[in-house]
Structure formats: C-alpha cells, structure tokens
Amino acid sequence: MRLFLDTANIEEIREINRWGVLSGVTTNPTLVGKEGLTPEQVWKDILAEVDGDVSLETTEPQAPAMAEEGRRLAAMGDNAVVKVPMTPAGLQAGSKLVDEGIRINVTLVFSPAQAILAAEIGAYIVSPFLGRIDDAAADGMHALRQICQVYDVQGYDTQVLAASLRHPMHIVDAALAGADIATMPYEVFTKLVKHPLTEQGLEKFQSDWTELRKKLGSTEGA
Ligand code: E4P
C-alpha cells in the first residue's frame, strides 16, 4: 500500500519525504487555502518536491469549465493527477479527461455505488472518505472493504485510495482491506512511527551503552 500525505504544506511534505516512505500527496481546496500563497505556487512547490503522484483538485462546477481546468492542472507536471468530484459534472469532465490520457482521481466518494461509477469512467484513483463516513455515524471501513471487494471481483484497474484517515489503525485496517493507497494528515503520519516500547527500548540501549563506555574508560585508565 502506497502512503500519501494529505496536506498542502511544503514543510510537512519535505520532512516526511526525507523518511523515504512518501509515495505521493493529495491536496484539496481547503488545504491549499491554509497556505497563504497562490494555489499555483503551492502546487508548483509540491510537484517539484515529490516524485510520486500529486492530486490537484478542480473547483469549476460545470463540466466543460471543469475539464478545461483539469487540462491546466495536468499540464503543471508529469506527476499531476486531476481531482474531480463524484457528481454528474465531475463524471462528465472526468471521462473527457480520461479519454485525453489525463489521470484523474474521483474524490468525495462515500459509497461502493459511487466507486463503481468512478471505475467505469476509467479513473486512475477513487477516493472514499472514511473518516467523514464515520462522522455521519456510518462505517467507513465497511464501505472501503466493499469497494475493494467489488473492484477485485470486477477486475477494475482503478486504484483505491483510502482518504480522510484520522488515526494509525485506519491505515492498518485500510491495508488489510486491500487499499492501494492511504492518504493521511501529517499528524497521523508521524504517529505511525511511534510506539512507547520503541522509545523505552531505545532509552535503555542508550543508557546501557553509556554505562559500558564509562566502565571501559575506567578499566583502560587502571
Ligand atoms: C483526500 O483527498 C482528502 O483531501 C482528505 O482525505 C479529506 O480528509 P478530511 O475529511 O480529514 O478533510
């Protein structure tokens, strides 16, 4: 399962990229709006920093304008993936972009029925929003499992990107469900590496090592 960061903050992206585990980035208008720069500058910096897929979201509501916007976004870099919403206009613009060879990510997906539509237009990625399904008192992980199962049974090539993930177990369960990609905020990414036993173990190894060096030092001096 590929790991993506769900952020538009270049510092967060640079830090996680140094770990060697970052395969891509997803952005949305809300995240881009937090950066205090023009969207073009934000996207340009991210596309240059990350080798893998970077999803850039369209905002035009009507299909022809959305498709035109999608072409502009796709032209920003070879690693750009164009996000279109799961709406009739998004499907219309998305299928046009797919026909033109542009990779699209169908976003704001909340059900297996919607995921089938995304696969049928040949989307490169489908993004079910697990956390937001949970927020609506439903079971986001159940929806993800069903989507993965349907895609498997039907042999769809569209990659399943588990989105709106809120904690490390979301990532583990998404991997078990068979998601191709998991995207998560910086706070969740940094939690993946942490375990109290790792911290305790490291502390003990370091203090034992210091002790040994001290002992050897005193023996050498005797
Ligand atoms: C994915 O592409 C979305 O940007 C994202 O995962 C939405 O997550 P949220 O529900 O935490 O805003």
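Indexing begins at 1, ligand by ligand and atom by atom, following the structure's order.
- Contact analysis puts R166 in contact with ligand 1, with a non-hydrogen atom separation below 4.0 angstrom.
- A side-chain donor from one of E120 and Y156 sits under 3.5 Å from a side-chain acceptor of the other.
- T26 pairs with exactly one of D6, N105, T7, D53 by the side-chain hydrogen bond (donor to acceptor under 3.5 Å, both in side chains) rule, that one being D6.
- Contacts between S164 and ligand 1 below 4.0 angstrom, taking non-hydrogen atoms only, involve backbone and side chain alike.
- Close approach to N28 involves these atoms of ligand 1, each under 4.0 Å from a residue heavy atom: 3 (C), 4 (O).
- With 3.5 Å as the limit, one finds a donor-acceptor pair spanning the side chains of E69 and T59.
- Heavy atoms of E57 stay at 4.0 angstrom or farther from ligand 1.
- Using a 4.5 Å cut-off on side-chain heavy atoms (C-beta onward), L56 and W43 make contact.
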Does the pair H167 and V188 meet the rule for a side-chain contact (heavy atoms from CB on, under 4.5 Å), with working shown?
CA-CA 6 Å; H167 51 75; V188 177; 5.6 Å; no
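- When only non-hydrogen protein atoms are considered, atom 2 (O) of ligand 1 lies nearest to K83 NZ, 2.7 Å.
- When all heavy atoms are compared, the tightest approach of K83 to T58 is O-OG1, 2.8 Å.
- Atoms of ligand 1 lying under 4.0 Å from any heavy atom of D6, numbered from 1 in the order shown and given with element: 1 (C), 2 (O), 3 (C), 4 (O), 5 (C), 6 (O), 7 (C), 8 (O).
- Within the listing of ligand 1, atoms 7 (C), 9 (P), 10 (O), 12 (O) sit less than 4.0 angstrom from a heavy atom of R132.
- Residues Y151 and Q154 fail the side-chain proximity criterion, which asks for heavy atoms closer than 4.5 Å.
- The contact set between ligand 1 and A163, taken as ligand atoms under 4.0 Å from a residue heavy atom, comprises 1 (C), 6 (O).
- By the 3.5 Å distance cut-off applied to N or O atoms, S127 is not counted among the residues near ligand 1.
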